[in-house]
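A quick write-up on the structure given underneath.
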Amino acid sequence: MPKFFTLSINIILLGALLLPTQPVLAQKWLPVRGGILFGISGMALLQQQSDFLDFLVVHDNKKANQGRLAIIRVNGKNPPEYLPLNWPSNLNLPNDLEALTDIPGKNKSEFIALASAGKAYHLRWDAVNKNISIVREFNLPKIPLGSNFEAFSLQSINNQLVAIWGHRGGGKKPAKIYWGTLNLEKYQITPLGSANFTVPFPSGNVRHISDIKVDSAGIVYISAANDNGDDGPFQSAVYVAGYFISNGNQIVWQQNTQLFPIYRDNYHKIEGLELIPGAKGGLIVGTDDENMGASIYIVGN
C-alpha cells in the first residue's frame with residue numbers, strides 16, 4: 001500500500017476515534033494554577049511512569065521576578081502538582097516563551113524552548129539536582145518582519161532532525177508553517193519550505209497556530225485558539241494538519257485539505273500541546289487562560 005495512502009487512512013481513523021468523546025470532555029479539565037502569570041504557553045513530556053506523568057512547561061512572562069519554567073506532575077484525577085524552576089541567574093531572562101519541544105534521542109533530558117521573536121534556547125534537565133541549565137541560545141533563520149512565533153517542534157524523519165515552527169497569524173491573516181533541518185552541533189537550521197495555514201474553527205480573534213507537535217510517523221498536530229482579552233471568552237481546537245514525509249533528500253509537507261477539529265473547547269485558550277505514547281497515553285493540552293490561569297486535559301481520558 002502506498003505510504004501516502006496509509007498515512008491518510010491513519011489520519012481519518014484518528015479523527016473518528018477522538019470525535020465521539022466530545023460530549024463528556026468539559027468535566028475533565030484539571031486546574032493547575034490561577035492567575036495570569038501561570039499560563040501554559042508550551043509543554044513537553046519529561047517523565048512517564050505507571051502512576052504519574054511529569055511535564056516541563058514554559059510561561060510567556062516578560063518581566064523580572066516572573067516565572068519562565070515549571071514542572072507539572074499529573075497523577076490520575078488528583079490536582080496537578082506545580083513545581084517552579086529557576087532560570088539560570090547568570091543569563092538574561094527570556095522574553096515571551098511560547099513553545100517547547102524535547103530533542104529526539106536525548107531521553108527526555110534535553111529540550112528547545114522558543115520565544116515569540118524567534119530566539120531559541122537549548123535546555124538540559126538535571127534529574128538528580130532538579131534544575132535546568134542553558135546549553136546554548138540561537139535564532140530561527142530568515143525571520144520575516146512582523147513574525148510572532150507560538151509553535152516549535154522537533155522530530156527525526158528518515159534520520160534527519162527536522163524542525164517545524166509556526167507564526168501564529170491572526171483573524172483573516174493566515175498562520176505560516178515553516179520547516180527545515182537542524183544541525184544541533186552548529187545550531188543552524190537549514191530552511192526547506194513554508195506554507196500558509198488557516199483553521200475553520202475558532203473564528204474571530206483567532207490565532208491559527210498556537211502550538212504544534214509532530215509524531216514519529218510525521219503526522220502534524222496543531223492547536224488554534226481565539227483570544228478576546230485577559231478575561232476571555234476563549235475557544236480552541238486541535239487539528240491533524242497534515243504530515244511530513246521524506247522524498248529522497250527532501251522533506252515534503254502534505255497539508256490536510258479538509259480540516260476538522262479532533263477536539264474543540266468553548267471555554268479555554270489552548271497554547272500547549274504534547275503527545276504521550278503508550279496504552280495510557282494520548283494527546284494532552286494545556287491552557288493559557290490569562291487571568292483564569294492554567295488547566296490541562298488529556299483528550300479522551
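The analysis underlying the following values was restricted to heavy atoms, covering all of them including side chains, and did not include hydrogens, waters or symmetry mates.
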Subject >> Step-by-step ring pair (Phe, Tyr, Trp, His ring centres under 6.0 Å) determination, Phe260 to Phe201 >> reply: CA-CA 8 Å; Phe260 60 91; Phe201 175 89; over 10 Å; no
Could you state the interatomic distance from [atom1] ([X]) to [atom2] ([Y]), rounded to the nearest 0.5 Å?
X: Ser236; Y: Tyr263; atom1: OG; atom2: OH; result: 8.0 Å
X: Gln255; Y: Ile177; atom1: CD; atom2: CD1; result: 5.0 Å
X: Leu123; Y: Leu56; atom1: CG; atom2: CG; result: 7.0 Å
X: Asp60; Y: Ser116; atom1: CG; atom2: OG; result: 8.5 Å
X: Leu37; Y: His59; atom1: CG; atom2: NE2; result: 8.5 Å
X: Leu83; Y: Ile72; atom1: CG; atom2: CD1; result: 10.5 Å

Taking only residues two or more places apart in sequence or in another chain, which ones pass side chain to side chain donor-acceptor pair (under 3.5 Å) with [X]?
X: Arg73; answer: Asp54
X: Asp288; answer: none
X: Asn92; answer: none
X: Asp231; answer: Asn291

Original post:
So which pairs with a foot in residues 105-138 pass ring-ring contact (aromatic ring centres under 6.0 Å, His included), sequence neighbours left out?
Top reply: Trp87-Tyr121, His122-Tyr187, Phe138-Tyr187
Looking at every heavy atom in both [X] and [Y], which two are closest together, and how far apart are they?
X: Ser210; Y: Ala224; answer: OG-N, 3.6 Å
X: Gly39; Y: Ala294; answer: CA-CB, 4.0 Å
X: Pro31; Y: Pro80; answer: O-CD, 3.3 Å
X: Ala151; Y: Ile209; answer: CB-CG2, 3.7 Å
X: Trp29; Y: Ser295; answer: CE3-CB, 3.7 Å
X: Trp179; Y: Ala195; answer: CZ3-N, 3.9 Å

Subject >> salt bridge (charged side-chain N to carboxylate O under 4.0 Å, His left out) contacts touching residues 211-227 (sequence neighbours left out) >> reply: Arg207-Asp227, Asp211-Lys213, Asp227-Lys269
Subject >> Residue pairs, two or more places apart or on separate chains, that pass salt bridge (charged side-chain N to carboxylate O under 4.0 Å, His left out) and touch residues 76-98 >> reply: Lys62-Asp96
Just to verify, what does [X] make a side-chain contact (heavy atoms from CB on, under 4.5 Å) with, not counting sequence neighbours?
X: Gln48; result: Leu45, Leu53, Ile276, Pro277
X: Leu154; result: Thr101, Ile103, Pro104, Ile112, Phe152, Leu161, Ala163, Leu182
X: Pro88; result: Asn90, Leu91, Ile134

Subject >> Residues Asp126, Ile132; criterion side-chain contact (heavy atoms from CB on, under 4.5 Å); working and verdict >> reply: CA-CA 6 Å; Asp126 182 343; Ile132 286 281; over 6 Å; no
Shared hydrophobic cluster, [X] / [Y] (ILVMFWY, side-chain heavy atoms < 4.5 Å):
X: Ile189; Y: Val162; answer: no
X: Leu275; Y: Leu46; answer: no
X: Leu69; Y: Met43; answer: no
X: Ile40; Y: Phe55; answer: yes
X: Tyr239; Y: Phe244; answer: yes

Subject >> side-chain contact (heavy atoms from CB on, under 4.5 Å) between Tyr297 and Ile270, worked out >> reply: CA-CA 10 Å; Tyr297 173 66; Ile270 295 170; over 6 Å; no
Counting C-beta onward and ignoring hydrogens, is there a side-chain heavy-atom pair between [X] and [Y] closer than 4.5 Å?
X: Ile262; Y: Leu283; value: yes
X: Val238; Y: Ile222; value: no
X: Leu114; Y: Leu140; value: yes
X: Leu192; Y: Thr181; value: yes

Original post:
For atom CG of Asp230, is the number of surrounding heavy atoms from other residues, nucleotides or ligands below 6.0 Å larger than 12?
Top reply: yes
Original post:
Are there more than 12 heavy atoms of other residues, nucleotides or ligands under 6.0 Å from atom CG of Asn65?
Top reply: no
Does [X] reach the main-chain N or O of [Y] with its side chain, forming a donor-acceptor pair under 3.5 Å?
X: Asn75; Y: Asn78; answer: no
X: His208; Y: Arg168; answer: no
X: Thr198; Y: Pro174; answer: no
X: Asn61; Y: Gln66; answer: no
X: Gln155; Y: Val214; answer: yes
X: Asn226; Y: Gln235; answer: yes

**OP:** For the pair Trp165 and Tyr178, name the ring-plane relationship: parallel under 30°, tilted 30 to 60°, perpendicular over 60°.
**Re:** parallel
Original post:
Between His167 and Phe149, what is the ring plane arrangement, given parallel below 30°, perpendicular above 60°, and tilted in between?
Top reply: perpendicular
Original post:
Can a donor-acceptor pair be found between the side chains of Asn107 and Ser109 at a distance below 3.5 Å?
Top reply: no
**OP:** Check whether the side chains of Gln188 and Asn183 place a donor and an acceptor atom closer than 3.5 Å, and report yes or no.
**Re:** no
**OP:** Just do the side-chain contact (heavy atoms from CB on, under 4.5 Å) check on Val57 and Ile71 with the steps written out, would you?
**Re:** CA-CA 6 Å; Val57 302; Ile71 292 174; over 6 Å; no
Subject >> side-chain contact (heavy atoms from CB on, under 4.5 Å) assessment of Ile296 paired with Thr287 >> reply: CA-CA 6 Å; Ile296 58 174; Thr287 72; over 6 Å; no
Subject >> Qualifying residues under salt bridge (Lys or Arg N to Asp or Glu O under 4.0 Å), relative to Glu110, sequence neighbours excluded >> reply: Arg124
**OP:** Start with the C-alpha distance between Asn158 and Ser246, add both sets of side-chain angles, then the distance that settles side-chain hydrogen bond (donor to acceptor under 3.5 Å, both in side chains), and finish with yes or no.
**Re:** CA-CA 6 Å; Asn158 196 22; Ser246 176; 2.9 Å; yes
Subject >> Contacts of Phe52 that satisfy ring pair (Phe, Tyr, Trp, His ring centres under 6.0 Å) - sequence neighbours left out >> reply: none
